[in-house]
Amino acid sequence: MRFDELDLEDEILDGLYDMNFEEMTPVQEHTIPVILEGRDLIGCAQTGTGKTAAYTLPLLNRLLIEGNEDNVVKSLIIVPTRELAQQIDQQFQGFSYYAPISTTVVYGGGDGKGWDIQKRGMLMGADVVIATPGRMISHLQNSGVDLSHVECLILDEADRMLDMGFSEDIMKIVSHMPKERQTIMFSATLPPKIRELAKTILRNPAEVNIAISKPNEAIDQSAFVCYESQKLGIIRELFARPSESKTIIFSSSKMKVKELAHTLKRMKLDVAAMHSDLEQAQREEVMLAFKNNKISILVATDIVARGIDIEDIGLVINYDVPRDPEDYIHRIGRTARAAATGAAMTFVNEEEQGAFHRIEKFIEREIRKAELPEAVGEGPKYAPDENRGRGGRGRGRSKGGDGRGHGRGRRDRLRDKERGSDRSGGARSEAPAAKEAVAAPAAGSGPSAPSVAAGAEAQAGAEGAAKRRRRHRGGRRHRRGGQQSEGGAPQSVGSQAGGPASSEGGSTPQA
């Protein structure tokens, strides 16, 4: 189905045409007509299917028809992260290039100036507010923001927001809105807690499910079954030749991301790290550099696994196996977006084989096991049944101690104390805290290229400790009278708040 078959305003169709958007994706085809009717909707679709445009386009159409004469907050989009908020704002800039729509982006982590810009944007009246839950709560409590005129509420990445503990914040925000409104919820999964939330805040919603929790078939998936010490050597071989596309290397650990990025920089690769320890300005600088091809490799935690839409990501590498199968789907979903193709590689050490096998069962396919580069030597046999219980969600952590890897050592000390043994004479062994660290250089990997370890090795006596997871174009038409509205480019108050430069001159964000 084509966009010009929809009953959308000319301004929106002109913007779509300029961005070469003609055919709708399945999620857009199934949800846009429903949203245009004014119905509540709960949509479930995998990442990279164009769900942002699915709610953005009908919302823009409604705002164009109704206007905002009272200068109030007309619609609110709640998202889990500042990066996703910024990206949605950029997409609004493209889709509404010929429409006078105002947006305000609200998220935390900035200075007082950013707070004042966000506050002023909402108090002056914004057609669209895109906000993270915590920051929105702060403005409701301290800025006198009025949400009583909100006619459309959209929750994007709802499952992730609940996982991050934003359930109460969402309900507090909803309590400031009129009950008579249109509510749209998008989620990558529909667990019971999401359905319970939907029952609470949606009214007789339509439900759309598109390819729930299955990776894009355009992604070439493979796995390297290897020892932990071989992972860096594989990276070295993969990047021995320059690549024209971007790469994201995912790891579950901030420490490992930092160490790996440092090592790759020493290998003279254009790389940057992305993790939650970075300040807001640093994170925005890194993402902008990655989008603008100033860096080609991004080493990141799952902070960029969802909602981030960047062109030309040709390869995703899972340096370690994700803790949950759904995390795997979100990670590899950064490549092969829209009509593109891409590859995803996962490094699987012995202890991660069980977790990787559960991913294969979850996506209902066996992932191809690639041969290791000759330079790194032979790897272990893939035998997930023999390694069952290792690397699983919550299984690799000691249950008997203090949760920091000191369980056995602490029990030994307590036992020895009860027995009255001599502190220096009692035989005992302590497992050190399982913090990610740099291991000794792997053989053949070069003297200056340390291997990033999955966790500190347990000392002698604690061998059982496990490792911690476009319409036709007959001439540009503006409003029905055929006149071009002055200042047609949208104003975006909130995007000034420390965010990256918004689309200038109608640059093309992805749907």
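Source: prediction; values computed, not measured. Values below: all heavy atoms of this structure, side chains included; hydrogens, waters and symmetry mates excluded.
The structure places OG1 of T31 at 4.5 Å from CZ of F186, a figure rounded to the nearest 0.5 Å. Between the CG atom in L57 and the CZ atom in F92 there is a gap of 9.0 Å [rounded to 0.5 Å]. For the atom pair L264 CG and D270 CG, the distance stands at 11.0 Å (nearest 0.5 Å).
Just one residue in the list H275, H262, M274 forms a side chain to side chain contact (heavy atoms under 4.5 Å, CB included) with V257, and that residue is H275. Each of D40, I154, L59 was compared with Q182 under the side chain to side chain contact (heavy atoms under 4.5 Å, CB included) criterion, and only D40 meets it.
Judged as a side-chain contact (heavy atoms from CB on, under 4.5 Å), and not counting sequence neighbours, the contacts of R368 are D220, S222, A370. The side-chain hydrogen bond (donor to acceptor under 3.5 Å, both in side chains) test applied to H139 returns Q118, S143, not counting sequence neighbours. Applying the side-chain hydrogen bond (donor to acceptor under 3.5 Å, both in side chains) criterion to K369, with sequence neighbours excluded, gives E360.
Annotation for A85 and V105: closest pair CB-CG1, 3.8 Å, computed over non-hydrogen atoms.
Environment of CD in E285: sparse, with no more than 12 heavy atoms of neighbouring residues, nucleotides or ligands closer than 6.0 Å.
Using a cut-off of 4.0 Å between Lys/Arg side-chain N and Asp/Glu carboxylate O, R82 and D89 are scored as not salt-bridged. At a threshold of 4.0 Å, the pair D320-K231 does not count as salt-bridged, since none of the basic side-chain nitrogens sits closer than that to a carboxylate oxygen.
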